[in-house]
Student: 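Below is one structure. I have some questions about it.
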Amino acid sequence: MDNKNYKLATKLIHAGVEPDPTTGAIMTPIYQTSTYVQEAPGKHKGYEYARTQNPTRTALQNALAAIELGKYGLSFGSGLAASDAVMKLLNPGDEVISTNDLYGGTYRIFTKVYERYGLKFHFTGMSDASTIEQYINVNTKMIWVETPTNPLLNIIDIEACAAIAKKHNLILVVDNTFASPYLQNPLTLGADIVLHSATKYLGGHSDVVHGALIVNSDVLHEQLAFIQNSCGAVPGPHDCWLVLRGIKTLHVRMDRHCENGKKIAHYLRNHPKVDKVYWVGFEDHPNHDIAKKQMRGFGGMISFTLKGDNLDEAIKVLSSTKLFALAESLGGVESLIGHPASMTHGSIPREERIKNGLVDSLIRLSVGIEDADDLIEDLNQAIG
Ligand SMILES: *Cc1c(COP(=O)(O)O)cnc(C)c1O
């Protein structure tokens, strides 16, 4: 694709992908190779060894950069491998300020792996970004934001975080997995690094585990590409190809996720047995204005609780859906239902969980792109 300033839907389909030079194949082939033949020592076509470069990965990395409106994309074997690479930018003694309503695996790599290497983490609610500043000291190097958050769908003001990061010369990382580049582009709001678990909406079909980083800065790109190659958490070409294919339909899938999400959020809100419904699109969501400012749609992630916070009732609902599959993960075409207290967030102590609003009866939905009426009927028979 030339550098013309195409709109996002066009970029999603064409960015990074060129007809294969040897055959004209319209889809980038899966270059299943570990090495590349050189004509003479040091004389090659830009590819030497497949940990360092692979043409299928190059196509995907270029596509990722284009759709996140950044300059560089970097692919990893998983979302957490991408987080791991970001952590390796830091040195022992450095401090990170992170949101407290965080993906469980990210919390685990911070506290169980990187604290052992001398990094220090502060966790705070960031619904009001100004709470960040009280944790800043001379050792602070990074602010880590996830928005919307998991599973309580809190919204954090990326521009406000970027202003604080800039003022104190900190790196702002935004995990954009829940929104996807179709709904939110943190680099344009002042973030330095955007992270994706491409396992979720980017891949979109629950068939691949993959991670991505997107940056604008030449320096950050050089450092992260060095870490990617030196530490080697790279994805195979087949996985890159699956993500590249998934990205081509992101816009049509996300439109349907948003449409179905809206219908189901309103259905739940009117259900007599349902207590709280967490969905970014409600006008009375505490940070709905910020969501409207920084997002183009509200997505298909919804959490809800049952009246009386009855765990047995919640387990009954979780065990009786027929279309919503009981499983971890999110962002695929098929609808999933999960129980954060026992599944994704089981490692967080109960008191801590409940203090943050993650009660026993909280149920999380990843609304897929099936027919909304069928999904509502399924929830209706399960909730009773
Ligand atoms: C799943 C997820 C991750 C981790 O990604 P993996 O691909 O599972 O390693 C990180 N952040 C968020 C928000 C996620 O949902």
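Just so it is clear, the values below take in all heavy atoms, side chains as well, and ignore hydrogens, waters and symmetry mates. Bear in mind the structure is a predicted one, so any value in this text is a computation, not a measurement.
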Student: Using modelled atom types and a 3.5 Å cut-off, is there a donor and acceptor pairing between side-chain atoms of S361 and backbone atoms of A314?
Tutor: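 No; judged by distance alone, with no hydrogens or angles, the pair does not exist.
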Student: At their closest point, which heavy atom of P29 faces which heavy atom of T56, and how far apart are they?
Tutor: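 For P29 versus T56, the nearest heavy atoms are O-OG1, 2.8 Å.
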Student: Please assess H257 against Y201 for the test ring pair (Phe, Tyr, Trp, His ring centres under 6.0 Å), listing each intermediate value before the final yes or no.
Tutor: CA-CA 10 Å; H257 284 296; Y201 286 109; 5.1 Å; yes
Student: Just verifying a value: how many Å separate K200 NZ and L330 CG, rounded to the nearest 0.5 Å?
Tutor: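 Interatomic distance, K200 NZ to L330 CG, rounded to 0.5 Å: 5.0 Å.
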Student: Atom CD1 of I13 and atom CG of L250: how far apart are they, to the nearest 0.5 Å?
Tutor: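 Reported value, rounded in 0.5 Å steps: 10.5 Å.
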Student: Could you walk me through whether D20 and Y31 pass the side-chain contact (heavy atoms from CB on, under 4.5 Å) test, one step at a time?
Tutor: CA-CA 11 Å; D20 180 50; Y31 284 90; 2.5 Å; yes
Student: Checking T177 against Y103: is there a side-chain donor and acceptor pair closer than 3.5 Å?
Tutor: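 No pair is found: no donor N or O on one side chain lies under 3.5 Å from an acceptor on the other.
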Student: Is the centre of the Y49 ring less than 6.0 Å from the centre of the H44 ring?
Tutor: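 Centroid distance Y49-H44: not below 6.0 Å, so no.
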Student: Any donor-acceptor pair under 3.5 Å linking the side chain of R51 with the backbone of N229?
Tutor: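 A pair under 3.5 Å: yes.
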Student: Answer yes or no: does atom NZ of K262 have more than 12 heavy-atom neighbours from other residues, nucleotides or ligands under 6.0 Å?
Tutor: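 No - once you tally the heavy atoms of other residues, nucleotides and ligands closer than 6.0 Å, there are 12 at most.
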Student: Tell me, yes or no, whether the heavy-atom count around N137 atom CG, taken from other residues, nucleotides or ligands under 6.0 Å, exceeds 12.
Tutor: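 More than 12 within 6.0 Å, yes.
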Student: Regarding Y114 and D84, is there a side-chain donor-to-acceptor distance under 3.5 Å anywhere?
Tutor: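 Distance-only check passes for Y114 and D84.
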Student: Provide the closest heavy-atom pair for L195 versus S83 in the form atom of the first, atom of the second, distance.
Tutor: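 Shortest heavy-atom contact: CD1-OG, 3.4 Å.
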Student: Taking a hydrophobic cluster as the set of Ile, Leu, Val, Met, Phe, Trp and Tyr residues connected by side-chain heavy atoms closer than 4.5 Å, whether directly or through intermediates, do L326 and V333 fall within one such cluster?
Tutor: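 L326 does not cluster with V333.
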Student: Can you name the closest pair of heavy atoms from G24 and P19 and give their distance?
Tutor: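 It is O-CB, 4.0 Å.
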Student: Using a 4.5 Å cut-off on heavy atoms from C-beta on, say whether the side chain of K307 contacts that of E313.
Tutor: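 Not touching, per the 4.5 Å side-chain cut-off.
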Student: Minimum heavy-atom separation for A162 and A191, please, with both atom names.
Tutor: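 Nearest heavy atoms, A162 then A191: CB-N, 4.5 Å.
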Student: When you check the side-chain N and O atoms of T188 and N185, is any donor under 3.5 Å from an acceptor?
Tutor: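 Their side chains do not contain a donor-acceptor pair, so the 3.5 Å distance test is not met.
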Student: So how far is it from I376 CD1 to L323 CG, rounded to the nearest 0.5 Å?
Tutor: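 Taking CD1 in I376 and CG in L323, the distance rounds to 12.0 Å.
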Student: Is any side-chain heavy atom of H251 less than 4.5 Å from a side-chain heavy atom of K7?
Tutor: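 The answer is no, as the side chains (C-beta and beyond) never meet within the 4.5 Å cut-off.
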Student: Can Y278 and N154 be counted as having a side-chain donor-acceptor contact under 3.5 angstrom?
Tutor: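 Y278 vs N154: no donor-acceptor pair found between side chains.
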Student: Taking all heavy atoms of Q294 and all of E159, pick out the closest pair and write down the distance.
Tutor: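 Smallest heavy-atom distance, with atoms named: OE1-N, 4.4 Å.
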Student: Can you confirm whether R108 is buried at CZ, in the sense that more than 12 heavy atoms of other residues, nucleotides or ligands lie under 6.0 Å from that atom?
Tutor: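 Atom CZ in R108 is not packed in, count stays at 12 or less.
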Student: Among Ile, Leu, Val, Met, Phe, Trp and Tyr joined by side-chain contacts under 4.5 Å, find the other residues sharing a cluster with I143 and list them by chain and number.
Tutor: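 I97, M126, I132, Y135, I136, V145, I156, I158, I164, L170, L172, V174, L189, all in the cluster of I143.
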Student: Would V243 and D239 count as a side-chain contact (heavy atoms from CB on, under 4.5 Å) if you check the C-alpha gap in whole Å, the side-chain angles of each, and the deciding distance to 0.1 Å?
Tutor: CA-CA 6 Å; V243 177; D239 287 356; 5.7 Å; no
Student: Count the heavy atoms belonging to other residues, nucleotides or ligands that lie under 6.0 Å from NZ of K166, then report whether that count exceeds 12.
Tutor: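 No, NZ of K166 has 12 or fewer neighbouring heavy atoms, counting only those of other groups under 6.0 Å.
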Student: Taking the six-membered ring of F76 as reference, does the cationic atom of K88 (NZ for Lys, CZ for Arg) lie under 6.0 Å from its centre and within 45° of its axis?
Tutor: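 Not flagged: K88 not positioned over aromatic ring of F76.
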Student: Look at the side chain of R57 and the backbone N and O of T52, then say whether any donor-acceptor pair between them is shorter than 3.5 Å.
Tutor: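 Between the backbone of T52 and the side chain of R57 there is a qualifying donor-acceptor contact (under 3.5 Å).
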Student: Roughly how far, to the nearest 0.5 Å, is NE2 of H345 from CG of L362?
Tutor: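 If I round to the nearest 0.5 Å, the distance is 9.0 Å.
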Student: What's the spacing between T140 OG1 and N169 CG if we round to 0.5 Å?
Tutor: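 These two atoms lie 11.5 Å from each other.
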Student: One pair to check against side-chain contact (heavy atoms from CB on, under 4.5 Å): T28 and L60. What are the steps and the verdict?
Tutor: CA-CA 9 Å; T28 309; L60 172 59; over 6 Å; no
Student: Counting C-beta onward and ignoring hydrogens, is there a side-chain heavy-atom pair between K292 and H285 closer than 4.5 Å?
Tutor: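 With C-beta onward as the side chain, the pair stays apart.
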Student: Using a 3.5 Å distance criterion without hydrogens, assess whether the side chain of N287 forms a donor-acceptor pair with backbone atoms of I155.
Tutor: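 Present.
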Student: Run the numbers on T106 and E146 for side chain to side chain donor-acceptor pair (under 3.5 Å), then give the verdict.
Tutor: CA-CA 10 Å; T106 310; E146 196 180 303; 4.6 Å; no
Student: Show your reasoning for whether side chain to side chain donor-acceptor pair (under 3.5 Å) applies to S335 and E370.
Tutor: CA-CA 8 Å; S335 293; E370 300 96 334; 2.7 Å; yes
Student: F282 and H266: aromatic ring centres closer than 6.0 Å?
Tutor: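 Ring centres of H266 and F282 closer than 6.0 Å.
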Student: Closer than 4.0 angstrom, basic N to acidic O: yes or no for R353 and D360?
Tutor: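 A salt bridge links R353 with D360.
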Student: Any non-hydrogen side-chain atom of V234 less than 4.5 Å from a side-chain atom of N54?
Tutor: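 Answer no - side chains too far apart.
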Student: Using atom types as modelled, flag every donor-acceptor pair under 3.5 Å from a side chain in residues 116-124 to any protein atom, sequence neighbours excluded.
Tutor:
residue	atom	partner	partner atom	Å
R116	NE	K112	O	3.4
H122	NE2	E95	OE1	2.7

Student: Are any side-chain N or O atoms of T147 and backbone N or O atoms of T149, one a donor and one an acceptor, separated by less than 3.5 Å?
Tutor: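 No; zero donor-acceptor contacts below 3.5 Å.
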Student: Do L89 and D94 make a side-chain contact, defined as non-hydrogen atoms from C-beta onward lying under 4.5 Å apart?
Tutor: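 Not touching, per the 4.5 Å side-chain cut-off.
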Student: Just wondering, more than 12 heavy atoms not from Q381 lying within 6.0 Å of its CD?
Tutor: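 Enclosed: over 12 neighbouring heavy atoms sit under 6.0 Å from CD of Q381.
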Student: Is the number of heavy atoms from other residues, nucleotides or ligands under 6.0 Å of E222 CD greater than 12?
Tutor: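 Atom CD in E222 is not crowded, with 12 or fewer foreign heavy atoms closer than 6.0 Å.
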Student: Taking all non-hydrogen atoms of both residues, which atom of K263 and which atom of A372 are closest, and how far apart?
Tutor: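 Heavy-atom minimum between the residues: CD-CB, 3.6 Å.
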Student: Is F324 reachable from I315 through a run of hydrophobic residues whose side-chain heavy atoms are each under 4.5 Å from the next?
Tutor: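 No, I315 does not connect to F324 through the hydrophobic network.
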Student: Apply the test side-chain contact (heavy atoms from CB on, under 4.5 Å) to residues V194 and L187: give CA-CA distance (whole Å), side-chain angles for both, the deciding distance (0.1 Å), then the verdict.
Tutor: CA-CA 7 Å; V194 170; L187 293 176; 3.7 Å; yes
Student: Do V252 and I369 come close enough that some side-chain heavy atom pair is under 4.5 Å?
Tutor: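 A side-chain contact is absent here, since even the closest heavy-atom pair is not under 4.5 Å.
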Student: Compare all side-chain heavy atoms of F178 with those of M295 and state whether any distance is below 4.5 angstrom.
Tutor: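 Not touching, per the 4.5 Å side-chain cut-off.
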Student: Report all side-chain donor-acceptor pairs from residues 208-219 shorter than 3.5 Å, counting only partners two or more places apart or in another chain.
Tutor:
residue	atom	partner	partner atom	Å
H210	NE2	S75	OG	3.3
N216	OD1	K71	N	3.0
S217	OG	V219	N	3.2
S217	OG	L220	N	2.9
D218	OD1	K71	NZ	2.8
D218	OD1	Y72	OH	2.8

Student: Tell me whether N176 contacts the main-chain N or O of H196 through its side chain, where contact means a donor paired with an acceptor under 3.5 Å.
Tutor: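 Judged by distance alone, no pair lies under 3.5 Å.
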Student: Side chains of V86 and I171: closer than 4.5 Å at any heavy-atom pair?
Tutor: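 The answer is no, as the side chains (C-beta and beyond) never meet within the 4.5 Å cut-off.
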Student: Regarding T99 and D101, do their side chains bring together a donor and an acceptor under 3.5 Å, going by distance alone?
Tutor: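 Judged by distance alone, the side chains do not pair up.
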Student: Using distance alone, with no hydrogens and no angle criterion, decide if T321 and D378 have a side-chain donor and acceptor under 3.5 Å apart.
Tutor: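 D378 and T321 do not have a side-chain donor-acceptor pair below 3.5 Å.
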Student: Does atom CD (Q134) have a neighbourhood of more than 12 heavy atoms from anything else shown, all under 6.0 Å?
Tutor: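 Count over threshold, so yes.
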Student: Could you give the distance from NZ (K11) to NZ (K248), rounded to the nearest 0.5 Å?
Tutor: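 Rounded to the nearest 0.5 Å, the NZ-NZ separation comes to 15.0 Å.
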